Amino acid sequence: MKPTALVIGGGLHGASAATQLARSGFRVTVVEKNYAGRHASGVNAGGVRRLGRHPAEIPLAVAALARWQRLETLIGDDGGFHPCGQIKVAENDEDMARLVSRAAEVRELGFDHEIILSREELRRRVPAVAPHCVGALACDGDGAANPYRTLTAWRRQSQREGAIWREGVQVTRVDRVPGGGWRLSTDHPDLPGLDADWLINCAGGWAGGLCGALDECVAMQPQALMLTITERVTPFLGPVIGSASRALSFKQMDNGSVMIGGGIAGCIDTGGEHADVRLAGLAQNVQTALGLFPFMRDVRVVRTWAGIEGVTGDGIPVLGLSWRHPRLIHSFGYSAHGFQLSAITGEIVRDLALEREPALPIAPFDIRRFDSSSAAARASHTH
Amino acid sequence: MKTIPLAIIGAGPAGIAAALTAARHGLKPVVFDEQPAPGGQIYRALESTPLRDPELLGQDYWHGRSLIEALRRESVDYRPGHMVWQLTRDGEIGVLAGDTAALIRAERIVLATGAQERPFPVPGWTLPGVMGAGAAQVLLKTSGVVAQAPMVLAGSGPLLYLVAVQYLRAGAKVAAILETTSKENRRLALAHIGGAIRGWRYLKKGAELLRELKRAGVRHERHVVALRAEGDETLTGVGWRTADRPDDWQHCEATTLLLHHGVVPNVQMTRALGGAHDWSEQQLCWRPRRDAFGRSDIENFFIAGDGGGIGGARAAQLQGELAALAALESLGHIDGPTLAREAAPARRKLDAELVVRPFLDALYRPGDSWRRPDDDVVVCRCEEISAGEIRRVAKLGCAGPNQMKSFTRCGMGPCQGRLCGLTVSEILAAENDQSLEQTGYYRLRPPFKPITLGQLASAAGGAPEAPARNETETAS
Amino acid sequence: MFAYLKRPEEGRTVTIEYEGRKLIARAGDTVAAALLASGIDRFRSTPVSQSPRGPWCMMGACFDCLLEIDGVPNRQGCQVTVVEGMTVRSQQGARRVSP
């Protein structure tokens with residue numbers, strides 16, 4: 001008998017987990033309450049970025065990039081990945097000092113992908129950037145991709161590996177089955193109950209609610225992160241631009257339109273399924289962008305939107321086994337920077353489900369960090 | 001941010017009537033309208049049209065004069081040239097006038113944003129020289145500008161005949177009318193003949209227009225089943241097939257082709273506000289939900305006129321009155337009995353006005369092949385996405401218009417889906433064997449029309465931070 | 001191809017420049033109407049495939065009549081009223097930005 005796994009959440013991390021689990025011999029069912037990639041997975045800014053990662057995420061991001069570079073071989077489509085580089089600019093000496101020490105920190109960890117650019121080198125690579133910028137931190141080989149296309153490719157790959165997708169199915173109840181394993185109840189008349197050996201929590205902005213139902217402690221909130229896109233303009237920018245001290249992601253897409261983001265939160269309606277943009281936040285985001293690219297002032301905004309994402313209290317994801325329940329794996333809370341990591345997280349989930357040590361360090365993403373009683377228990381144990 | 005009691009968006013018959021009703025009850029409304037002068041599309045340029053001969057544009061057009069004169073006379077804060085680019089459910093309105101973007105809040109908002117022509121995707125419809133018949137009417141009314149021969153009209157519906165007749169009265173030429181109304185439609189429309197007889201004035205008008213065309217000897221091809229616009233850089237000819245000769249492409253030279261398959265509600269704002277919309281199988285369009293007074297399912301928002309379903313200019317005017325009365329009542333400006341009393345005559349007239357609709361809708365219903373074109377036809381004019389590409393992506397499992405948009409950028413150009421939304425929803429519903437309700441429509445977001453980054457950045461400058469609802473209400 | 005039914009009356013016209021050419025328009029006309037009345041129906045080429053386009057709806061919905069008006073690209077020709085001395089240019093492909 002094949003082991004079985006239920007993945008809750010049809011976003012990128014769910015699709016990635018489903019692909020790897022199915023490939024490794026699990027019978028996988030993905031349960032998605034809306035449609036695949038409805039929220040952050042389908043409508044994020046598409047940054048494929050190692051630059052500026054939390055130290056704990058760097059090994060994963062480096063491994064993920066290697067997957068992005070051969071994504072077409074892995075899942076049959078390159079997801080529109082374009083290794084145009086990512087650059088974080090310094091607008092003053094203080095910014096620059098921060099970037100220089102960041103580069104040193106990354107080197108000390110044994111990585112060499114983040115490099116300092118002088119004012120001249122920045123100007124050479126990004127002639128369009130405002131002249132007051134004094135330098136930058138860059139990451140060659142990083143870039144951007146098309147989120148929904150990537151998600152679709154992962155979903156289709158998981159289906160080729162045998163995973164079953166159930167979209168438009170809301171999980172209403174999660175129960176442990178005596179003797180191990182899980183039973184999900186759903187709102188779908190044809191699927192009153194779904195049983196499996198393993199449960200994988202990839203529920204994104206809704207993962208916190210699922211944790212609550214499972215008695216897991218986690219500090220996480222859904223947030224609606226906003227993006228602005230402009231009309232098409234002639235090419236002026238290669239790499240994706242960020243700022244050393246301000247929330248910004250600024251890039252020109254292949255078709256000429258410019259996408260502006262930066263993890264600025266909009267509003268989520270009380271039902272939680274609909275995100276709205278918040279004008280003041282957008283305006284501030286656009287102002288930041290105009291600070292670096294003032295000639296964009298007269299370019300028109302065609303559209304704004306927001307995608308709902310799970311943001312944790314400490315800004316890094318929850319990825320690992322549950323300590324409260326056997327055969328429960330969490331992979332959520334990517335806090336607006338999970339797009340790039342999705343290329344590797346499925347492999348980690350697979351290793352955990354095969355009950356073997358993942359090839360990459362995931363201790364910092366352990367869910368127990370949010371559980372004060374268990375954190376205290378661990379602390380007393382080590383002393 | 002300044003707060004006003006009542007804002008009306010749109011200055012067509014519905015918006016003007018709503019404004020006049022409020023003014024009559026002593027409440028001065030603010031009317032925002034994108035156009036430089038009042039009248040909407042139907043009474044467009046009525047104060048300035050160079051075509052002063054009343055016979056030329058006809059009685060239905062000049063009916064708008066009394067409305068527009070009253071708007072100018074009464075106590076209404078009418079603001080032409082004001083484009084509404086943003087709206088929130090709590091009544092915040094983003095307005096762009098000239099280069100200045102500003103925010104204002106209204107306690108009640110009447111949406112009177114009217115209709116637009118139904119998309120008419122056929123091969124070559126993006127060529128210069130191919131336009132909506134409504135566009136030709138705008139040119140005629142505002143500027144006395146007409147297409148030079150040879151001009152061809154194609155499609156169905158009363159506007160098609162009206163444009164042809166107005167052209168003839170103006171001394172311009174119509175090379176041919178290619179009518180797509182099917183024999184089947186005539187049979188199906190007969191089921192609604194009762195309503196048509198009660199609405200006999202409309203039938204009489206239609207018959208008169210047809211007689212006038214016949215008298216003038218205009219070539220009138222019936223039962224056209226396929227159409228294409230021909231030319232490389234600009235339109236040079238039109239090809240068509242008819243039900244009687246389904247295998248022969250017939251052809252004529254043309255430098256202008258005017259297409260028309262009726263009008264559909266403009267749902268940009270009601271969609272962006274997240275209001276409920278129902279698919280009307282009768283009118284083949286989305287209709288924002290509203291009650292008999294025009295109250296929408298969004299608190300404090302009212303919908304008047306064709307923006308809520310197609311009823312024509314006279315109906316729109318009555319709906320404007322009703323929506324304003326309902327808004328006044330909800331403001332506490334008039335009481336319930338006053339609302340009932342004042343609304344009764346308008347509701348009676350409205351019923352009489354709408355009685356002919358089922359007949360007209362059945363008769364002029366565009367057939368499936370017109371609404372769901374062949375693979376090689378461009379559907380999204382902005383991003384140049386073909387019907388075939390939409391079908392291909394649907395097969396990858398992209399079941400709805402929003403997945404389609406994320407995948408192909410279909411509907412993400414500057415028109416924001418106005419010219420492709422209906423077609424995309426209808427193609428996807430057919431491909432996936434789903435209902436239109438299951439398939440849905442584009443999620444729309446502000447700005448309703450493109451504004452510059454500079455305007456967006458400055459708009460919120462003086463505005464207080466909106467409450468960050470997500471931080472309190474949806475914590476998990 | 002379009003034209004005025006009757007030439008606009010003396011004293012009620014404005015002159016605009018389109019691609020270096022002087023056009024006489026009726027005061028109050030939109031830029032799109034003025035161009036069409038002068039026999040111009042191809043306004044631009046698209047950023048996607050460089051295919052030719054002219055006005056489709058004349059009521060602000062379709063964005064096919066985009067023009068560069070007084071140096072500002074991507075303006076809706078059917079929503080802007082002519083002003084004496086206005087300079088109008090056709091657009092080829094995506095709008096230009098100059099950093």
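Below, chains carry the letters A, B, ... as their sequence lines are ordered, and counting in each starts from 1. Note that the structure is predicted; figures quoted are calculated from it, not measured.
Between the OG1 atom in B:Thr408 and the OH atom in A:Tyr148 there is a gap of 10.5 Å [rounded to 0.5 Å]. Going from atom CD of B:Gln403 over to atom OG1 of A:Thr152 covers 8.5 Å, rounded to the nearest 0.5 Å. In this structure, the separation between CD on A:Gln284 and CG on B:Leu456 is 11.5 Å, given to the nearest 0.5 Å. Interatomic distance, CG of A:Leu151 versus OG of B:Ser406, reported as 9.0 Å (0.5 Å rounding). With rounding to the nearest 0.5 Å, the separation of CD in B:Glu383 from OG in A:Ser257 is 7.5 Å. Atom CG of B:Leu453 is separated from atom CZ of A:Phe295 by 10.5 Å, given to the nearest 0.5 angstrom.
For a residue to count as touching a neighbouring chain, one of its non-hydrogen atoms must lie under 4.5 Å from one of that chain's; by this rule B:Arg409 touches chain A with the side chain only. Residue contact with chain B, scored on non-hydrogen atoms closer than 4.5 Å, involves the side chain of A:Asn255 exclusively. Looking at A:Arg155, only its side chain comes within 4.5 Å of chain B, counting heavy atoms on both sides.
Within the 4.5 Å cutoff, the side chain of A:Leu279 has heavy atoms near those of the B:Gln86 side chain. Contact of the A:Asn146 side chain with the B:Phe407 side chain is not registered, since no non-hydrogen atoms from C-beta on lie closer than 4.5 Å. A:Arg156 has its side chain within reach of B:Leu396: a pair of non-hydrogen atoms, C-beta onward, lies under 4.5 Å apart. For the pair A:Val301/B:Pro450, no side-chain contact is recorded, criterion being any heavy-atom separation below 4.5 Å from C-beta on.
Between B:Ala457 and A:Ala283 the shortest heavy-atom distance is O-CB, 3.8 Å. When all heavy atoms of B:Gln416 and A:Val302 are compared, the closest pair comes out as NE2-O, 2.5 Å.
The 12-atom threshold is not exceeded at CG of B:Asp99, counting heavy atoms of other residues, nucleotides or ligands nearer than 6.0 Å. Counting non-hydrogen atoms of other residues, nucleotides and ligands closer than 6.0 Å to CZ of B:Arg443 gives a total above 12. Within 6.0 Å of CD in B:Glu299 there are 12 or fewer heavy atoms belonging to other residues, nucleotides or ligands. Around CZ of A:Arg173, the count of heavy atoms belonging to other residues, nucleotides or ligands within 6.0 Å does not exceed 12. More than 12 heavy atoms of other residues, nucleotides or ligands lie within 6.0 Å of CG in B:Asp376, so this atom counts as buried by the packing criterion.
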Next item on the list: Let me see the working for A:Met226 and B:Arg445 under side-chain contact (heavy atoms from CB on, under 4.5 Å), right down to the final yes or no.
Entry: CA-CA 11 Å; A:Met226 301 188 290; B:Arg445 290 266 167 64; over 6 Å; no
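Side chain of A:Glu231 to main chain of B:Pro414: no donor-acceptor pair is present (N/O by atom type, distance under 3.5 Å, no hydrogens or angles). A:Thr304 places a side-chain N or O within 3.5 Å of a backbone atom of B:Pro446 that can act as its donor or acceptor partner.
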